[in-house]
Amino acid sequence: MSGVNSDLSATLKPIGQARGLPNEHYIDDAVFDEEKKVVLFDNWVGIGISSDVPNLGDVFPVEFAGMPLLVVREAKNSVSVYQNTCRHRGMILIEKAGNVRGTIRCPYHSWCYGLDGKLRSTPHAGGPGRNLDKSLDRKQLGLIKINSYVFREVVFVNISGNAPPFVDYASKLINRWREHEKPLFHGGKESSFPFDVACNWKLAVENYCESYHLPWIHPGLNSYSRLEDHYHIEEPGNFAGQGTKVYRQIEDNDGLKFPDFEGLSDFWNKGAEYVAFFPNVLFAAQRDHAYAIILLPQGPNRTIERNEIFYSFDPKERPDLQDLISQNAKLWKGVLEEDIFVVEGMQKGRKGVHFDGGKFAPVMDSPTFVFHDWVAKKIDQSRSL
Amino acid sequence: MTLECLNKKILKAHEIKDVPSLGHLYLKAGKLFVDKGDIDHACFLLTAAYVFCLEAGLTEAEDARAILINYGREE
């Protein structure tokens with residue numbers, strides 16, 4: 001690709017000799033645009049959660065790496081995603097989340113689309129009071145539908161439309177967490193807390209992949225979850241992360257805990273896993289609650305992180321657990337906030353012109369290397385076309 | 001309702017973005033012009049009625065559409 005000159009040869013070496021992705025991949029606009037296409041749009045990316053659109057007719061606009069998208073609750077159990085652009089003059093259709101009672105009306109010339117994306121009306125297109133024109137085939141002018149799939153309540157899209165079906169793309173993670181295929185219920189307002197972070201989105205992935213930083217950045221964990229209680233999770237080309245063998249449930253002063261997901265094997269009594277599903281969703285699977293962190297890139301050096309916590313039960317039906325839900329949200333918010341100075345610090349460090357991408361500590365950094373290797377291979381393959 | 005009165009109500013509904021009222025009011029206005037025999041202007045108003053009824057999810061959208069189809073202005 002013209003204008004893009006990053007050298008990936010060191011990143012593509014085995015971990016012992018490799019260096020991390022070069023600085024350009026964190027600070028350069030041209031490389032950001034290249035990654036947008038090859039790493040984000042050509043794969044399945046998380047853009048939101050299904051409870052952004054809880055009711056029929058709810059619409060939720062998302063600008064993903066500059067791409068205007070519209071999440072729509074098209075039917076009770078069905079979420080669709082469209083390009084949020086009118087087929088007429090390219091006007092943005094919906095700018096604020098809300099509920100569409102009938103059709104989506106373009107605010108410019110009032111072309112109307114059903115929740116199914118079909119073009120319903122083209123007012124005055126053939127002259128005042130004449131809504132037809134022989135060149136205007138409404139069947140060909142519906143909203144552009146974006147491939148989408150809801151997994152663990154995260155709305156995924158494949159913007160380019162050229163990735164394998166989601167169930168194939170995610171099959172290894174689906175199989176790994178087969179036992180966790182249970183209904184997830186969002187914890188409510190407090191269980192949703194975004195961070196606006198001054199870093200490239202990949203640094204949040206990289207930090208999430210490894211447990212190496214835990215004793216230094218999250219010292220509170222040392223008392224019950226030591227570094228040696230963790231293990232690597234590596235599925236090259238798909239996901240990477242870490243697991244713990246000493247997960248401890250949160251409980252209140254009276255010993256009240258969250259109910260477990262049903263039917264989990266004994267492993268999950270003390271096991272928990274934290275996986276970065278490439279490219280941009282960070283998942284947690286635990287016996288009694290789950291979370292997803294969706295990374296929304298805003299440019300090379302800014303990312304919105306959406307942190308969303310889910311439970312095995314509908315919180316509206318368990319008022320007795322509301323305090324514990326609040327306590328748990330505060331706990332996770334505190335832990336995840338501890339990582340912000342790290343990812344922002346790594347972003348600042350990448351302005352160092354002599355930084356070479358970084359030497360991996362092979363034993364501890366291998367999940368992070370799996371992510372670098374995936375990104376580098378995606379870009380390298382694209383450049384060689 | 002007189003046309004003048006309808007016009008005032010339509011302007012007010014636009015001002016407060018009252019979409020269901022816009023659907024109802026434009027439909028009334030359109031039908032008035034059908035009765036007057038000014039079909040072009042009637043269809044102009046009925047088009048607005050159709051759009052706002054669609055947006056509001058009102059069943060009257062089909063009333064407006066039926067008249068427009070009758071005059072070859074909609075499908």
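Here is the naming used below: chain letters follow the sequence lines, and residue numbers restart at 1 for every chain.
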Worksheet entry | Largest heavy-atom contact set with chain A, pairs under 4.5 Å, which of B:Asp40, B:Leu45, B:Thr47 | B:Thr47

Worksheet item: Is there a donor-acceptor contact under 3.5 Å linking the side chains of A:Thr103 and B:Glu55?
Response: no

Practice prompt. Verify the distance criterion only: is there a donor paired with an acceptor across the side chains of A:Glu153 and A:His186 at less than 3.5 Å?
Written response: no

Worksheet item: Do A:His124 and B:Phe44 make the cut of ring centroids closer than 6.0 angstrom?
Response: yes

Worksheet entry | Aromatic ring proximity A:Phe151/A:Phe283, centre distance under 6.0 Å | yes

Discussion item. Is B:Tyr71 close to chain A through its backbone or its side chain, or both, or neither, when contacts mean heavy atoms under 4.5 Å?
Written reply: neither

Fill in: Residue part contacting chain A, namely of B:Leu68, when any heavy atom lies under 4.5 Å
side chain

